[in-house]
Asks: 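Below: one structure in structure tokens.
Computation of the quantities below employed the complete heavy-atom set of this structure, encompassing side-chain atoms and omitting hydrogens, waters and symmetry-equivalent molecules. Residue numbers run from 1 in the order of the sequence given.
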Amino acid sequence: NPARSFVTLSCLLSEHGETEISMTNINGQYNVPLSTINAVTGEYTLTLELPEALASGTYFIIVRTPSELFSTQCVVKNNTDIWLPQLRRR
């Protein structure tokens with residue numbers, strides 16, 4: 001299902017530390033921070049608000065921990081819903 005105004009991200013983190021979540025377009029040209037958390041090991045389900053001016057299209061959600069980088073593709077449609085497949089290690 002495409003995303004519009006928010007995205008729900010579920011992930012299992014295996015380390016402590018600052019974890020940044022951002023969004024980029026498929027060309028890597030548009031990069032916007034969505035959240036930064038001081039994570040501990042465990043499972044997270046985060047609901048993240050999308051920028052209002054975000055155009056419909058395909059984007060990547062990037063999760064950067066102190067030593068790893070994960071991503072998942074998402075589709076934004078009219079800035080009201082997002083579709084996220086599985087998070088992958090990059």
Side-chain angles (χ1 to χ4, degrees):
N1 299 329
R4 298 178 194 231
S5 59
F6 66 91
V7 60
T8 301
L9 178 68
S10 296
C11 56
L12 178 63
L13 299 178
S14 60
E15 65 182 319
H16 295 357
E18 186 173 280
T19 298
E20 299 173 353
I21 303 165
S22 60
M23 182 177 225
T24 184
N25 69 7
I26 60 174
N27 298 320
Q29 297 166 327
Y30 175 79
N31 188 20
V32 63
L34 297 176
S35 182
T36 300
I37 60 172
N38 189 12
V40 295
T41 301
E43 191 170 331
Y44 288 83
T45 299
L46 304 168
T47 300
L48 306 166
E49 189 173 349
L50 298 177
E52 287 184 30
L54 192 63
S56 295
T58 302
Y59 295 86
F60 287 99
I61 301 291
I62 309 295
V63 177
R64 185 182 312 271
T65 70
S67 65
E68 295 184 296
L69 183 68
F70 301 91
S71 69
T72 188
Q73 185 177 345
C74 67
V75 176
V76 175
K77 199 168 211 176
N78 297 328
N79 200 11
T80 51
D81 283 334
I82 289 185
W83 175 72
L84 287 174
Q86 184 176 354
L87 196 64
R88 296 183 194 165
R89 182 173 285 133
R90 290 181 96 187

Asks: Check Ser14 against Glu68 and note the closest heavy-atom contact, atom names and distance.
Replies: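 That closest heavy-atom pairing would be OG-OE1, 3.7 Å.
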Asks: For Asn31 and Ile62, what are the C-alpha separation, side-chain angles and deciding distance, and is it a side-chain contact (heavy atoms from CB on, under 4.5 Å)?
Replies: CA-CA 10 Å; Asn31 188 20; Ile62 309 295; 5.8 Å; no
Asks: Grab the two heavy atoms, one from Pro66 and one from Gly17, that are nearest each other, plus how far apart they are.
Replies: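 Looking at all heavy atoms of both residues, the closest pair is CG-CA, 3.8 Å.
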Asks: Considering non-hydrogen atoms only, spot the tightest contact between Ser10 and Thr45 and give its length.
Replies: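 Closest approach of Ser10 to Thr45: OG-OG1, 3.3 Å.
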Asks: Look up atom SG in Cys11 and atom CD1 in Ile21, then write down how far apart they are to the nearest 0.5 Å.
Replies: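 Rounded to the nearest 0.5 Å, the SG-CD1 separation comes out at 6.0 Å.
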Asks: Write down the atom of Tyr30, the atom of Leu54, and the distance for their closest heavy-atom approach.
Replies: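 Minimum heavy-atom contact is CE2-CD1, 3.5 Å.
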Asks: Roughly how far, to the nearest 0.5 Å, is CD of Gln29 from OG1 of Thr24?
Replies: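 That separation rounds to 8.0 Å.
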Asks: Only one of Ile37, Leu46, Asn38 passes side-chain contact (heavy atoms from CB on, under 4.5 Å) with Thr19; say which it is.
Replies: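 Between Thr19 and the candidates, side-chain contact (heavy atoms from CB on, under 4.5 Å) is satisfied uniquely by Ile37.
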Asks: What residues, two or more places apart in sequence or in another chain, satisfy side-chain hydrogen bond (donor to acceptor under 3.5 Å, both in side chains) together with Glu15?
Replies: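 Expected list: Thr65, Ser67.
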Asks: Keeping Ser22 on the side-chain end and Leu34 on the backbone end, is there a donor-acceptor pair under 3.5 Å?
Replies: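 No.
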Asks: Would you give the length of the straight line joining atom CD1 of Ile26 to atom CD of Gln73, rounded to the nearest 0.5 angstrom?
Replies: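 One finds 7.5 Å between CD1 of Ile26 and CD of Gln73.
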Asks: Whether the side chain of Tyr44 engages the backbone of Val40 through a donor-acceptor N/O pair (distance < 3.5 Å, no angle test) should be reported.
Replies: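 The answer is yes, because a donor-acceptor pair under 3.5 Å joins these two groups.
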Asks: Before you tell me yes or no, could you show the steps for Val7 and Met23 under side-chain contact (heavy atoms from CB on, under 4.5 Å), namely the whole-Å CA-CA distance, both residues' side-chain angles and the distance that decides it to 0.1 Å?
Replies: CA-CA 11 Å; Val7 60; Met23 182 177 225; over 6 Å; no
